[in-house]
Amino acid sequence: MDYLPGILMSYSAFLLAIATPGPNVLAIMGMSMSNGRKPGMALGLGVAAGSFSWAILTIFGLTALIAAYAPLLTAIKILGGLYLLWLGYKSLRSAASKTDLTIPKDAKKPHSLFHCARSGYLIMMTNPKAIMAWIAVVSLGMQDGAPWWVGAIIGAGITVLSILIHLIYAIVFSTPIMQRGYAKCRRALQTAMGTFFSLAGIRLLSSP
């Protein structure tokens, strides 16, 4: 019971962080609306797997590793920036296309579910903000002298929350109502997403 307030604080901080749309949420929204529920859910599961990986790395000493080897964070920033620029290019290219969601689903080229899951995983693992977020979240719940199982509970709980919330995003944005709304403003949304990804990539690459 002594560690319960810290654990709950970690969960609360994670929920606030995931409620703010970032590259992971925007990618799930775009995938679900343009390719359907299953690809969106696969991408969401990939994002959740990335969250779990960061949890494990953070709990088992990533903070100390980055502090000892500063070039590691620089390398992650470069990879993350390039990947975000690539996502921006794809979104902007899609925005320039005349194709919208009125075409039959069977006429679209389906995404491999493995490819979608891998993309979601890469979005999380190449996002240096995820490192800082996990360090902050885990630090909230880990007190001096806390046993190993406190970190395990934090990591497991947040992984479950990540899976549930990202799947909800995928399901909601794959509904016909959301798809019809998306079809009307597809180009504007994809342009906004492409711009966001591109600016985020440029910011990462130019950050010290």
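On a predicted model such as this, the values are computed, not experimentally measured, just so you know. Basis for what follows: all heavy atoms, side chains included, without hydrogens, waters or symmetry-related copies.
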field: Under 3.5 Å side-chain donor-acceptor pair for Tyr89 and Ser198
entry: no
Look at the side-chain heavy atoms of Ile, Leu, Val, Met, Phe, Trp and Tyr, link any pair under 4.5 Å apart, and say whether [X] and [Y] land in one connected group.
X: Ile158; Y: Leu8; result: yes
X: Trp54; Y: Ile123; result: yes
X: Met31; Y: Tyr121; result: yes
X: Leu45; Y: Val47; result: no
X: Leu167; Y: Ile28; result: no

field: Minimal non-hydrogen separation, Thr175 against Ile171, with atom names
entry: CG2-O, 3.4 Å
message: For Ser10 versus Ile154, what's the shortest heavy-atom pair and its separation?
response: OG-CD1, 3.8 Å
- prompt: Okay, side chain of Ser32, backbone of Met29: is any donor-acceptor separation there less than 3.5 Å?
  reply: no
Does the side chain of [Y] come within less than 4.5 Å of [X]'s, by heavy atoms?
X: Met33; Y: Ser174; answer: no
X: Leu205; Y: Leu85; answer: yes
X: Arg118; Y: His115; answer: yes
X: Tyr11; Y: Ile153; answer: yes
X: Ser53; Y: Met124; answer: no

statement: Separation between CG (Leu113) and CG (Asn35), nearest 0.5 Å, reads 10.5 Å
